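Residue numbers begin at 1 in each chain, while the letters A, B, ... track the order of the sequences. Bear in mind the structure is a predicted one, so any value in this text is a computation, not a measurement.
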Amino acid sequence: MQDRYNAREAEPRWQKAWDARGIFATRNDDPRPKYYVLEMFPYPSGRIHMGHVRNYTMGDVLARFMRARGHNVLHPMGWDAFGLPAENAAMERKIPPRAWTYQNIAAMKAQLQTMGLSLDWSREFATCDPAYYKHQQKMFLDFMRAGLAEREKRKVNWDPVDMTVLANEQVIDGRGWRSGAVVEQREMNQWVFKITKYSQELLDALDTLDRWPEKVRLMQRNWIGRSEGLLIRFALDQKTAPSGESEVKVFTTRHDTLFGAKFIGVAPDHPLAQAAAAKNPALAAFIAECKRHGTAQAIIDTQEKLGFDTGIRALHPFDPAWTLPVYVTNFVLMEYGTGAIFGCPAHDQRDLDFVNKYGLGVTPVVCPPDVDPKSFVITDVAYDGDGRMINSRFLDGMSVDEAKEEVARLLEHATLPVPARPRESGEPPPPYPPPQAGEGKGGGRLRGNERVEPVAERQVNFRLRDWGISRQRYWGCPIPVIHCENCGVVPVPDADLPVALPEDATFDKPGNALDHHPTWKHVTCPQCGGPATRETDTMDTFVDSSWYFARFTDPWNESAPTTRPVVDRYLPVDQYIGGVEHAILHLLYSRFFTRAMKVTGHIGIDEPFAGMFTQGMVVHETYQTAAGEYVTPAEVKIEAGPNGRRAHLIATGEEVNIGSIEKMSKSKRNTVDPDDIIGEYGADVARWFMLSDSPPDRDVIWTEEGVQGSWRFVQKLWRQVAEAAELAEAAAVCGSRQAEEAAVLALRKAAHGALAKVTGDIPRLRFNRCVAHIYELSNAFQASLTAARQAGGISPAYAAAAREAAEIMVLLFSPMMPHLAEECWAALGKSGLVAESPWPDAEQALLVEDTVTLPVQINGRKRAEVTVSRSATPAEIERAVLELDDVKRALDGRAPKKVIVVPQRIVNVVA
RNA sequence: GCGGGCGUGGCGGAAUGGUAGACGCAACGGACUUAAAAUCCGUUGGGGGCAACCCCGUGCCGGUUCGAGUCCGGCCGCCCGCACCA
């Protein structure tokens, strides 16, 4: 046996051995209970980074563990292969997106394979493969038929640099999430998925996802943004209203404050604002000014609330003699509610700031408890708490909730004439539950000869918008529809799928290469046979990743996206692992998509991911030269001494500044290449270090010292196992020694204790604790071996115990360091592979002690210990404790006030 | 502004309301070595004492409890998410 473990030589050897036996290929007819482990599949950028190493190691530990526990584990991998970088590469390097993508996939796959992951590569696919996206196109058509995919004229976020439309979620601080360019608003025809049909359901079902991080559920809850309120129609004073306008609809959650109303505020792009601006150049200028600020200058906007009096007056719903001025305001959003509010300054800070600026007055209508209504005034801090209604006529004395109910009740029974002109835009989003046929807009009932509608209706509003999926890009899944002058929008017949991307697109001008292609879009209409054009928009890449987890269950099915019995058996994913940056978009879209697939018969469940885990980032120190340039960790040598750490450039010896710890990034140059680490130390060391120290959901700091510590531990394990193997061989020839019974028992207890702890911690993904338990076992093992060596002889019983401990230890670290485990397993003379060995069961008898040592506290401070029989009664324990010298001294002859005995835990004497 | 999370040695972090600091890193001492590396053995929250031991200590201030890092209330700080959301 070698005295050093050679990872570079051993790791590829064991990878080949696993491969040869095909042990990670999952069979769909395997009858054992299934367990689906999935890590978020990567975008094929060309290189893996440490974040991937961490993510995939965690999933692999779980997969190997569950496999050893007898499950039919599905652990697949694929490629999120569509996306803009491929087109950028095409432009910059004249390499077609497809070639670039597959080249990257090959490189990254080779890297992943050096990690020794227990992946079923037979299920691998890339989303850019027509064999994948043809099913996606099929589902798009199914969604269309089910009313879940529609074409709408929409105001969209246009990224002028990427020349594409972005979803609201992809606009961050008014800038494109990828390009960083300031986003413009444009009206365009867009395909959308009707995710808002599921707003309530997506919200409600969050409560059932008990194995998701609370943080992620909360983020989704906020994103969906449900609010209950009242939609109130304010009639306009006809003398002041623009022609054709008779009312303004307002959504409010504070209808209790209606008697504190001082103005109506409408968004700059509200129809009423537009109508008023038509005859008022100053107003038009104000609106243009608002729009110009619009997105980017959030900071300035938050400070100053601006408005412009339209001259229009609205009638108070409870008092036609009371009119409210209608202002165009810069703090009301067209995108939320109806794009109009009524302002109650006393109980809303924004309204108060506004009113104070324009001198519209303040009337408090909710009086806090324990405050005298007569002296209650509001000057510059609004009161948004609970209280009793005041200054509110018939509402006076009610609570906020009672007042809300009363206002809603009265106004939903009052009526106003139906406006003459149907609204075009500014309609509220669809109410929940959806209106029944025959109800809704344009309806109303008759009063005399006049059509009337209620003044108000209770409404639930959601922040969530429909999901716009059209992208003006080449490298994405084509939307399978055809535009015909005669027939309109015609779905591509199923038989003609896939609508494949042309291979010969060119990328020499900005915009959509698919649209620029000379021939691709010109087709005949499937309905009338006349000339027609293909849709040249492709789908948002989030569509691709919204169902890949389902496709993995049967990627061989050529005729359908899924095979029902198979997909229904494997889903939901038991444990999904990925970065928190996908907490909203990807996870919410996938949840919607699964429901849409259910409606269209492709799947039998609602929730795709039963367990979700968000892992932390990999962070690293930064290094800067005196000139302020960042340098990479590889260029730096660190020296540590009692006076701290110093860093020098290896090349020149120049001292560099050790800077803050940050997420690994190219710009800070603080990345560490997984290839370098695996090449130098081996995959097991990289894997082990990723699991050590930090809890998996927190950031982990990558340090050279830590990696070296892991490397030393690998060598230590190897030596220990080797020593145990030699002991076992020697056992037959050694004479027996009875004195080692205690050593045998202690060693066995250490091994089985660690086994029990690791077995409990892996399914909870508490890998840092698993690592600590394995260190502890190794330390105990080391101490035991040293003591045995010094005792001068080894009994067969001890040799057997050492061997058992070694085997358990190897099995315990095998999910984390699978190559080393195989090498050790072979050294122990075991036949077969660790990867195919069952997980051992701890012997319960070894987990309990015959005697227990309890800490003894006096007045809550630990002062002594008492060792008693495990089965001792509290009375017996109390008697033993009172005999202790320390306790006697503390009591000084007096009787204790109280003695608390917590069985198996602690004793507290109250003196 | 709203919501959530976190705050423990030199550092990363352990600790079902029950012995605070497991385990690792770093540092220091010793053994082995001509020497170094590697390895092995030990020390390492602060203060006091010759010692047995004693006192203090989980961001700060209070509270509940026999007992609080953990629960409750109020501050302070950091991180994350959302944000004129009506």
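B/A86 is unpaired under the Watson-Crick or G-U wobble criterion, no partner having all donor-acceptor distances under 3.5 Å. A 3.5 Å limit on both hydrogen-bonding distances identifies B/U39 as the Watson-Crick or G-U partner of B/A31. The partner of B/G45 is B/C56, by the rule that a Watson-Crick or G-U pair needs both atom distances under 3.5 Å. Base pairing analysis places B/C78 opposite B/G5; the two distances defining the Watson-Crick or G-U wobble pair are each below 3.5 Å.
A gap of 43 Å separates the C1' atoms of B/C11 and B/C85, to the nearest Å. Nucleotides B/C56 and B/C72 place their C1' atoms 26 Å apart, quoted to the nearest Å.
Put simply, the side chain of A/Asn222 and the base of B/C82 share no donor and acceptor less than 3.5 Å apart. Contact annotation: side chain of A/Lys305 to base of B/C84, donor-acceptor pair present below 3.5 Å. One cannot find a donor-acceptor pair under 3.5 Å joining the base of B/U19 and the side-chain atoms of A/Arg905.
Across all strands, A/Arg217 comes closer than 4.0 Å to no nucleic acid atom at all (heavy-atom distances).
Using a 4.0 Å cut-off, no side-chain N or O of A/Lys215 falls inside it from OP1 or OP2 of B/G4.
The aromatic rings of A/Phe354 and A/Phe263 lie tilted to each other, with the angle between the two planes from 30° to 60°.
Proximity of residues 340-351 of chain A to RNA chain B (heavy atom under 4.0 angstrom from any strand atom) is restricted to A/Ile341, A/Arg350.
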Give me the distances for all protein-to-nucleotides 21-23 of chain B N/O pairs that come in under 3.5 Å?
| residue | atom | partner | partner atom | Å |
| --- | --- | --- | --- | --- |
| B/A22 | O2' | A/Glu776 | OE2 | 3.1 |

